[in-house]
Amino acid sequence: MSIHPEARIGHVHLKVADLDRALHFWRDVIGLEEQARMGNRAAFLSAGGYHHHIALNTWDSAGGEPPPRGSTGLYHVALVYPDRAALGVALLKVLQAGVELEGASDHGVSEAVYLRDPDGNGVELYRDRPRIEWPRDPEGNLRMTNRPLDLQALLAEGAAAEAA
């Protein structure tokens, strides 16, 4: 038995140490819109007015430290952008904010950049290629890749989109 093909990930709650610091990253750098707030304990953010895609809370984590490397937990949250230009604009904003990238890859099916939020949570910003362009082997099986992503070309596309 498999899951319904229209099922999707609804939202993610992240435990954070400092709500204002986390809001600066997710709202002011990434650009999610604050939809609701519960004092200094939780905030709910989204794109396009949805109730929330990302929730930030300090319920069990106020003043806490990120989990050490080598421990289990969330690997990353992935935000999907509608096209390459939008991903390029997002990358520009991240770099302008002084956020360091951990990596960037062309997976054949998608293009992605990787970074961390102030609490050490992994963040992937990516765009999917149209399914018709996804690489497949002769039997039709998906063949994802892990090639370097041309960041300069992506930044140029983002700059052109911002200028338009």
Side-chain angles (χ1 to χ4, degrees), residues 3-107 109-130 149 151 154-164:
I3 193 168
H4 190 282
E6 293 178 31
R8 58 187 170 79
I9 303 295
H11 57 266
V12 174
H13 277 246
L14 297 176
K15 296 190 294 184
V16 301
D18 181 304
L19 187 60
D20 289 331
R21 182 183 70 181
L23 274 168
H24 171 70
F25 176 81
W26 289 100
R27 180 190 59 211
D28 304 335
V29 175
I30 298 299
L32 293 173
E33 301 161 342
E34 190 173 333
Q35 299 300 324
R37 189 164 180 169
M38 297 173 72
N40 64 352
R41 306 271 301 163
F44 302 85
L45 302 105
S46 75
Y50 187 66
H51 57 80
H52 71 289
H53 291 108
I54 300 283
L56 310 169
N57 73 66
T58 60
W59 299 326
D60 296 320
S61 55
E65 295 292 322
R69 289 223 181 253
S71 62
T72 60
L74 181 70
Y75 186 73
H76 66 229
V77 172
L79 300 177
V80 185
Y81 289 81
D83 53 41
R84 195 164 200 272
L87 178 60
V89 169
L91 177 58
L92 280 169
K93 292 184 184 319
V94 162
L95 295 177
Q96 289 167 350
V99 176
E100 186 176 320
L101 296 184
E102 288 197 334
S105 295
D106 180 340
H107 296 298
V109 297
S110 63
E111 295 178 303
V113 295
Y114 301 94
L115 51 136
R116 293 208 171 268
D117 79 356
D119 291 286
N121 295 305
V123 178
E124 176 184 0
L125 308 178
Y126 79 101
R127 71 102 183 184
D128 275 327
R129 286 190 169 91
L149 179 60
L151 289 176
L154 183 58
L155 286 167
E157 195 159 336
E162 278 211 316

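Atoms considered below: every heavy atom in the structure, side chains included; atoms not considered: hydrogens, waters and symmetry mates.
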Quick note, ring pair (Phe, Tyr, Trp, His ring centres under 6.0 Å) partners involving residues 61-82, not counting sequence neighbours, are His76-Tyr114
Separation between CD (Glu34) and CD1 (Ile54), nearest 0.5 Å, reads 13.5 Å
Report the C-alpha separation of Asn57 and Leu14 in whole Å, then their side-chain angles, then the decisive distance to 0.1 Å, and conclude whether the side chain to side chain contact (heavy atoms under 4.5 Å, CB included) test is met.
CA-CA 6 Å; Asn57 73 66; Leu14 297 176; over 6 Å; no
Let me see the working for Leu155 and Leu95 under side chain to side chain contact (heavy atoms under 4.5 Å, CB included), right down to the final yes or no.
CA-CA 10 Å; Leu155 286 167; Leu95 295 177; 3.9 Å; yes
Using a 4.5 Å cut-off on heavy atoms from C-beta on, say whether the side chain of His52 contacts that of Gln35.
no
Under the salt bridge (Lys or Arg N to Asp or Glu O under 4.0 Å) test, residues paired with Asp60 that sit two or more places apart
none
So CG of Leu56 and CZ of Arg27: to nearest 0.5 Å the spacing works out to 10.0 Å
Is the shortest heavy-atom distance from the side chain of Asp117 to the side chain of Ile30 under 4.5 Å?
no
Between Ser71 and Pro68 (side chain of the first, backbone of the second, donor and acceptor by atom type, cut-off under 3.5 Å), is there such a pair?
yes
State the CG-CG distance between Leu87 and Leu92, to the nearest 0.5 angstrom.
10.0 Å
Side chains of Asn121 and Phe25 in contact at under 4.5 Å (non-hydrogen atoms):
no
Are the side chain of His4 and the backbone N or O of Glu6 linked by a donor-acceptor pair below 3.5 Å?
yes
Nearest non-hydrogen partners of Glu33 and Gly49, listed with the distance:
OE1-N, 3.5 Å
Do Ser105 and Leu149 touch side chain to side chain, with heavy atoms closer than 4.5 Å?
no
Considering all heavy atoms of both residues, which atom of Tyr50 and which atom of Gly10 are nearest to each other, and what is their separation?
CE2-O, 4.2 Å
When you compare the side chain of Leu45 with that of Leu23, does any pair of heavy atoms fall below 4.5 Å?
yes
Could you point out which residue of Leu151, Leu115, Leu125 forms a side-chain contact (heavy atoms from CB on, under 4.5 Å) with Leu91?
Leu151
State, with a plain yes or no, whether a side-chain heavy atom of Val113 is found less than 4.5 Å away from one of Glu124.
no
Is a donor on one side and an acceptor on the other found under 3.5 Å between the side chain of Thr58 and the backbone of Val16?
no
Less than 6.0 angstrom separating the ring centers of His11 and His53, yes or no?
no
Roughly how far, to the nearest 0.5 Å, is the CG atom of Leu19 from the CZ atom of Arg41?
10.0 Å
With the side chain counted from C-beta on, respond yes when His13 and Trp59 share a heavy-atom pair under 4.5 Å apart, and no when they do not.
yes
What pair of heavy atoms forms the shortest contact from Ala47 to Leu32, and how long is it?
N-CD2, 3.9 Å
Would you check if the side chain of Arg37 reaches a backbone N or O of Gly39 as a donor-acceptor pair within less than 3.5 Å?
yes
Suppose we screen for salt bridge (Lys or Arg N to Asp or Glu O under 4.0 Å). Which residues come up paired with Arg129, at least two apart in sequence or across chains?
Asp106, Glu111
Please tell me if the side chains of Glu100 and Arg116 come closer than 4.5 Å, counting only heavy atoms from C-beta onward.
no
Testing the basics here: between Val89 and Ala161, what is the closest heavy-atom pair and its distance to 0.1 Å?
CG2-CB, 4.0 Å
